[in-house]
Amino acid sequence: MEPRTNRGASSCEAQEAHPGRKMHCGPLCQFLWLWPYLFFIEAVPIRKVQDDTKTLIKTIVTRINDISHTQSVSSKQRVTGLDFIPGLHPVLSLSKMDQTLAIYQQILTSLPSRNVIQISNDLENLRDLLHLLASSKSCPLPQARGLETLASLGGVLEASLYSTEVVALSRLQGSLQDMLQQLDLSPGC
């Protein structure tokens, strides 16, 4: 009489009992066993990236608040000649956020003020975090278009550096607060 095999034995045990048999699902079984852990590991960093993004936005807003002269202009106020500075947008996708930040970064780097150097660097880091969020959602972010006409605005910038800085920082602050709210709603591509 042939010995009875354990029908509940795993394929690994079956392979050990019958060394001549090939195990066909070895890597697949291992992958399926690890899948819940891999899924959990993937979810944590994206949440961390989103939290880091929100923290950086709050940091930038605080830096803008620390510059005393930015409180004198409302982000909704229109200033003649400075229409190239983006205003507020009610609904922002990740690509629109990136494009808006690229424009602000371009404006701030063109200003000679030392007040805006760190904020400009923070915007670059914020854009990198937005790119990570976008890639986690499989969103292809197009190359953000800055202001093509910024070079031609040299006269405006030179004539009104102070006003440009105040308006740009005020509107940037409003845009960042909108972005912070949108990130809580999990924005689309």
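Computed from a prediction, not measured in an experiment: that's the story for all the values here.
- Between Ile67 atom CD1 and Gln173 atom CD the span is 9.5 Å, to the nearest 0.5 Å.
- When every heavy atom of Leu108 is checked against every heavy atom of Ala168, the shortest pair comes out as CD2-CB, 4.4 Å.
- Of all non-hydrogen atoms in Ile46 and Leu133, the two that sit nearest each other are O-CD2, 4.1 Å.
- The distance from the CD1 atom of Ile103 to the CZ atom of Arg171 is 12.0 Å, given to the nearest 0.5 Å.
- Residues Pro187 and Gln182 approach most closely at CD-O, 3.2 Å, considering heavy atoms.
- Residue Ile117 comes nearest to Ser113 through the heavy atom pair CG1-O, 4.0 Å, listed as atom of the first residue, atom of the second, then distance.
- Across all their heavy atoms, Leu172 and Leu101 have their closest contact at CD1-CD2, 4.3 Å.
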- Task: List the steps, then state whether salt bridge (charged side-chain N to carboxylate O under 4.0 Å, His left out) holds for Asp51 with Arg47.
- Result: CA-CA 6 Å; Asp51 290 344; Arg47 196 169 317 145; over 6 Å; no
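- A donor-acceptor contact shorter than 3.5 Å is absent between the side chain of Ser93 and the backbone of Gly188.
- In plain terms, the two heavy atoms of Ser120 and Thr109 that are nearest each other are OG-CG2, 3.0 Å.
- The OG1 atom of Thr53 lies 10.5 Å from the CG atom of Asn125; values are rounded to the nearest 0.5 Å.
- Looking at residues two or more places apart in sequence or on another chain, you find a side-chain contact (heavy atoms from CB on, under 4.5 Å) between Thr55 and Thr59.
- Atom-to-atom distance recorded for Ile57:CD1 and Asp52:CG is 11.5 Å, nearest 0.5 angstrom.
- Here the straight-line distance linking atom CG of Leu94 with atom CE of Met179 works out to 10.0 Å at 0.5 Å rounding.
- With values rounded to the nearest 0.5 angstrom, Leu126 atom CG is found 9.0 Å from Asp98 atom CG.
- Among residues two or more places apart in sequence or in another chain, the salt bridge (Lys or Arg N to Asp or Glu O under 4.0 Å) test is passed with Lys54 by Asp184.
- Every residue was checked against the salt bridge (Lys or Arg N to Asp or Glu O under 4.0 Å) condition with Asp128, not counting sequence neighbours, and none meets it.
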